[in-house]
Q: 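Sharing a structure with you now.
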Number of protein chains: 2
Amino acid sequence: MESVLTEAVALLDEAGAPALTFRALAQRLGGGVASIYWYVASKDELLDRATDHVIGMMLADIEELPGSDDPIDDLRAMALKLFDAIVDRPWLGAYFMRNTGTQGNSLRLYERLGQQTLRLDLTALQRFHAVSAIVGVVVGSAVDLGQEPPQEVLDGAVDRDEFLGRYAQTWRELDPEKFPFVHNIVDEFDGHDDVDQFRSALELTLTGLRLQAEA
Amino acid sequence: MESVLTEAVALLDEAGAPALTFRALAQRLGGGVASIYWYVASKDELLDRATDHVIGMMLADIEELPGSDDPIDDLRAMALKLFDAIVDRPWLGAYFMRNTGTQGNSLRLYERLGQQTLRLDLTALQRFHAVSAIVGVVVGSAVDLGQEPPQEVLDGAVDRDEFLGRYAQTWRELDPEKFPFVHNIVDEFDGHDDVDQFRSALELTLTGLRLQAEA
DNA sequence: ACCTGAACACCGTTCAAGT
DNA sequence: ACCTGAACACCGTTCAAGT
């Protein structure tokens, strides 16, 4: 069972979600296709368990964080750790936090984030919404990451900066009258860093949260 | 071509992403499977174009909004319209704003959101990040919506409140020592409204943004 | 308890051929 | 320019059968 999940995650890491096939997995495990059905009932369950498996590792990372006297600083540190893990595993974007409700490591992670809000002067409803918002920021960025590489970049035929630059160029050729915003930000888009984008989005949410807690 | 997209969207609306099949689509169009390949080069392109098609309708909705003297109020109104549209089409969650960079209605929508930030006292970088953050909140909530209905609810065998209540019950049975946060918010989770959750997440981001613009 | 081979139904995609 | 039937390679899943 353990090795089924390990190899499933390895396949996902190596070539993304489409690479995780019962046949490919069986071959790696040196067995038949149908054997896997003894461990999981369906591909959905395989994906769920594989995701839960890596969330378990993320959870271990997060529990090692030092912690501070500011719960919002701690939330930021935790969210950044999550983001880092998703950068390393873009396929997670599609499955991360899919089943918070169901038992397992997703729930433990959810709890861990939520515990920081217990240290803030908020109502229970505000806490529930705050954690949803933070998870939402992470998932929103994760989805972005999950579908960014457009095959040419994966092939190494063209690097990310060149790819962004190409898009930026088509933006610069748009009518400035009709696309004033795109023209305003195109230089920022060109060569931008995903982690900066994530940090900013997170910061807006955390600022709003801090204000709410101090009100 | 137009009818290909219309029927594709109809299939997606009726039974979600798995229902959109070249064979199902061909049958609806009263033709052969291979015919569709004269209009689109692949299923990915079909999905992209179908998504762009509905984003075009969302864009029309958004352009009808009255507009106010407060750009942040306008951003909130636009984001809520987007959320409403995604509630009606949960399958959008997986594809919404997947290709902002590429031409089409996604880019126009992106521009439209961004134009509101031009009315705020921000740097170009802050504007770029602000719009990403808002889109992120929408996408984050959209993904949540896209995977919520767990077949029993779709079948109508059990309604949403009952489904949430069942989860809430398993949460209440967890050890309160290990899951203090979950216990703190379980009553809020039970029977919660998705739109409230979205509004709160959006509000935190918009509050942060307003503060940034006034700094 | 754990594994297997072989089949089934379904899928996206291609291609040579038609009008 | 537009459509077709038939095939190909691949997929998740099942099942009767083995150890």
Side-chain angles (χ1 to χ4, degrees), chain A residues 1-53 90-95 98-99 102 146-147 149-152 154-155, chain B residues 1-53 90-95 98-99 102 146-147 149-152 154-155:
Chain A
M1 179 70 225
E2 183 66 19
S3 65
V4 171
L5 295 185
T6 307
E7 290 305 320
V9 171
L11 275 169
L12 290 165
D13 286 346
E14 282 166 28
L20 180 56
T21 288
F22 275 82
R23 285 168 174 84
L25 185 54
Q27 197 182 352
R28 267 181 105 105
L29 293 165
V33 199
S35 315
I36 304 166
Y37 280 90
W38 195 88
Y39 298 98
V40 295
S42 69
K43 178 151 190 192
D44 251 23
E45 192 187 319
L46 176 61
L47 244 355
D48 279 349
R49 286 180 116 95
T51 304
D52 197 71
H53 193 248
W91 59 267
L92 260 183
Y95 309 105
R98 191 158 81 156
N99 294 7
T102 189
Q147 46 213 197
Q151 83 213 42
E152 303 177 286
L154 280 179
D155 297 345
Chain B
M1 178 71 226
E2 185 66 19
S3 65
V4 171
L5 295 185
T6 307
E7 290 305 322
V9 170
L11 275 168
L12 289 165
D13 286 346
E14 283 167 29
L20 180 55
T21 287
F22 275 82
R23 285 169 174 83
L25 184 54
Q27 197 181 351
R28 267 181 108 105
L29 293 165
V33 199
S35 315
I36 304 166
Y37 280 90
W38 195 87
Y39 298 97
V40 295
S42 69
K43 177 150 191 193
D44 251 24
E45 192 186 318
L46 176 63
L47 243 356
D48 280 350
R49 285 179 117 97
T51 304
D52 197 71
H53 192 249
W91 59 268
L92 260 184
Y95 308 104
R98 190 158 80 157
N99 292 6
T102 189
Q147 46 212 198
Q151 82 213 42
E152 302 176 286
L154 280 179
D155 297 346

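Numbered from 1 within each chain, the chains take letters A, B, ... in sequence-line order. Because the structure is a prediction, the values reported are computed rather than measured.
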Q: Could you please name the option among dC2(C), dG12(D), dT13(C) that lies closest to any side-chain atom of Lys43(B)?
A: dT13(C)
Q: Ser35(A) has a side chain; which of dC11(D), dC3(C), dG12(C) sits nearest to it?
A: dC3(C)
Q: For Trp91(B) and Leu12(B), which heavy atoms make the closest approach, and how far apart are they?
A: CD1-O, 3.3 Å
Q: At under 4.0 Å between heavy atoms, what does Thr21(B) touch on the DNA or RNA strands: base, sugar-phosphate, or nothing?
A: sugar-phosphate
Q: Taking CZ from Phe22(B) and C1' from dA6(D), how many angstroms apart are they, rounded to a whole number?
A: 17 Å
Q: Check the distance between dG5(D)'s C1' and Trp38(B)'s CH2 and give it to me in whole angstrom.
A: 20 Å
Q: So which nucleotide does dA6(D) pair with, by the Watson-Crick or G-U wobble rule with both distances under 3.5 Å?
A: dT14(C)
Q: Expressed as a whole number of angstroms, how long is the span from Leu25(B):CG to dG12(C):C1'?
A: 13 Å
Q: Considering non-hydrogen atoms only, spot the tightest contact between Tyr39(B) and Met1(B) and give its length.
A: CE2-N, 3.6 Å
Q: Need one value for Leu20(A): base, sugar-phosphate or nothing, where a base atom within 4.0 Å counts as base even if backbone is also close, heavy atoms only.
A: sugar-phosphate
Q: Closer to the 5' end of DNA chain D via nearest nucleotide, is it Ile36(B) or Ala34(A)?
A: Ile36(B)
Q: For atom P, what is the distance between dA17(D) and dC2(C), given to the nearest Å?
A: 22 Å
Q: What I'd like to find out is whether the side chain of Ile36(A) reaches to under 4.5 Å of the side chain of Leu25(A), using heavy atoms alone.
A: yes
Q: Where the side chain of Tyr39(A) is defined as all heavy atoms beyond and including C-beta, which of dG12(C), dT13(D), dC2(C) is the nearest nucleotide?
A: dC2(C)
Q: Met1(A) has an atom CE; how far is it from atom P of dA1(C), in whole Å?
A: 17 Å
Q: Determine: side-chain N/O of Tyr37(B) to OP1/OP2 of dC15(C), distance under 4.0 Å, yes or no.
A: no
Q: Answer whether the closest heavy-atom distance between the side chains of Leu46(B) and Val4(B) falls below 4.5 Å.
A: yes
